[in-house]
Amino acid sequence: MALTDDELDRYARHIVLREIGGPGQRAIRDAKALVIGAGGLGAPAILYLAAAGVGVIGIVDDDAVALSNLQRQVIHTVADIGRPKTQSAAKAVAALNPGVATQLHPVRLDAANADALIAPYDIVLDGSDGFATRRIVNDVCARLRKPLVYAALGTWEGQLTTFRPWEGGPCLQCLFPEDPAPGLAPTCAEAGVLGALAGVMGALQAAEAVKEITGAGEGLSGRLLLWDGLAAEARTVRIRRDPSCPICAQFA
C-alpha cells in the first residue's frame, strides 16, 4: 500500500535517503519488531523505532518504573513511577507516533514462553539484563531465523552486534561460550552506568534494526562494535562462528 500524505511528510527525511526511499519506508511500516526490556537499552530503542515508523513494536518487560530508572530510561517519566514499564513505554510511543501499534507483554521472557513471544515478529532487539535471558533469546531467534540485534552496556562501555547464524555468521553462544564468573559482570546497580551511554547504544540498536528491515548498508553480523565512552572511541572487531557451537550446529 502506498504511503499516505501524512506518512510522506512525517518520514520525508527517511524517504530522501537513497538507501531507504519509499520502498524502504513501506518495509519499515510493515515490520514487526520485538524489544526485550523497556529499560536502559530498550527505552531509546523503542522511541527511535516508533519515530522511524515501525508498524508494530512488541515490548517485553515484567518490571515497574522506579525513580532510579529515570537517570537513563528516557521513555519513562516521574508520573510513570509504579506503572508497568510496558504501559509507560506504550504511552510514550502513542504520544510520539500514533501510527505505530504496540503489543505489550508484561512478563519475564523464559524458556517456556520465548517461542510464543518471538515467533510473530520479524526482528528482535535484545535489551535484557542477564545472560540466562540472553541465551534463551539467542537460541530461539536462531532456530526461528529471526535477526537478533544485541547490545550490552556497563559503566562507560557498550557493545553491539547482530546475529544471523543461518547465514554463516556467529551467534551469542559463539561470542560468549560460558557465562562470566561471578563478580566479573556486575549489574548497573552494582557498578553504575553513564545514563547517556544507554541512549547511545539503544539508538544504535534501532539504527541497526532499520538497516536490517530495509537492507540498507552493511549489517553487523560477524562484527562486534565496541564503544568506549570515557575515551570517546569506537572500534569494530571481527567475530567468527565457533565450530563447536551447539546453536550454530543446526546450520552446518
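Values below: all heavy atoms of this structure, side chains included; hydrogens, waters and symmetry mates excluded.
Residues in residues 212-235 take part in these side-chain hydrogen bond (donor to acceptor under 3.5 Å, both in side chains) pairs, two or more places apart or across chains: R164-E212. Sorted by first and then second residue, the side-chain hydrogen bond (donor to acceptor under 3.5 Å, both in side chains) pairs involving residues 243-252 (not counting sequence neighbours) are D242-S244. Judged as a side-chain hydrogen bond (donor to acceptor under 3.5 Å, both in side chains), the pairs with a partner in residues 26-37 (not counting sequence neighbours) are, in order, E7-R29. Among residues at least two apart or in separate chains, side-chain hydrogen bond (donor to acceptor under 3.5 Å, both in side chains) pairs with a member in residues 136-156 are D115-R143, Y150-Q159.
No donor-acceptor pair closer than 3.5 Å links the side chain of E208 to the backbone N or O of L160. A donor-acceptor distance shorter than 3.5 angstrom exists from the side chain of Q205 to the backbone of D126, with no hydrogens or angles considered.
In terms of the salt bridge (Lys or Arg N to Asp or Glu O under 4.0 Å) criterion, R241 has no residue partners (sequence neighbours excluded). Shown here are the side-chain contact (heavy atoms from CB on, under 4.5 Å) partners of A66, two or more places apart in sequence or in another chain: S68, N69. With sequence neighbours left out, the side-chain contact (heavy atoms from CB on, under 4.5 Å) criterion links L17 to H14, E19, I20. Scanning for side-chain contact (heavy atoms from CB on, under 4.5 Å) contacts around L175 gives F163, L224, I239, with sequence neighbours left out.
The hydrophobic cluster analysis finds I247 isolated: no Ile, Leu, Val, Met, Phe, Trp or Tyr side chain comes under 4.5 Å of it, directly or through other members. Other residues sharing a hydrophobic cluster with V16 under the 4.5 Å side-chain heavy-atom criterion for ILVMFWY residues do not exist; the residue is a singleton.
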Donor-acceptor pairs under 3.5 Å, side chain of residues 82-89 to any protein atom, not counting sequence neighbours: which ones?
{"residue": "R83", "atom": "NH1", "partner": "D80", "partner atom": "OD1", "Å": "3.1"}
{"residue": "K85", "atom": "NZ", "partner": "Q73", "partner atom": "OE1", "Å": "3.0"}
{"residue": "S88", "atom": "OG", "partner": "H76", "partner atom": "ND1", "Å": "2.7"}
{"residue": "S88", "atom": "OG", "partner": "D80", "partner atom": "OD2", "Å": "3.0"}

Sequence neighbours left out, cut at 3.5 Å: what donor-acceptor pairs do the side chains of residues 41-61 make with other protein atoms?
{"residue": "D61", "atom": "OD1", "partner": "D63", "partner atom": "N", "Å": "2.8"}
{"residue": "D61", "atom": "OD2", "partner": "A38", "partner atom": "N", "Å": "2.8"}

(request) Determine, stepwise, if the pair E167 / F251 fulfils side-chain contact (heavy atoms from CB on, under 4.5 Å). (result) CA-CA 8 Å; E167 295 179 345; F251 307 115; over 6 Å; no

(request) Could you please spell out the steps behind the side-chain contact (heavy atoms from CB on, under 4.5 Å) verdict for V137 and T133? (result) CA-CA 6 Å; V137 173; T133 301; 4.3 Å; yes

(request) Test L70 against T77 for side-chain contact (heavy atoms from CB on, under 4.5 Å), laying out the working first. (result) CA-CA 7 Å; L70 304 186; T77 69; 5.8 Å; no

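Both L104 and V93 are part of a single hydrophobic cluster, where members link through side-chain heavy atoms under 4.5 Å apart.
We find the OG1-CG distance between T236 and L225 to be 4.5 Å, quoted to the nearest 0.5 Å.
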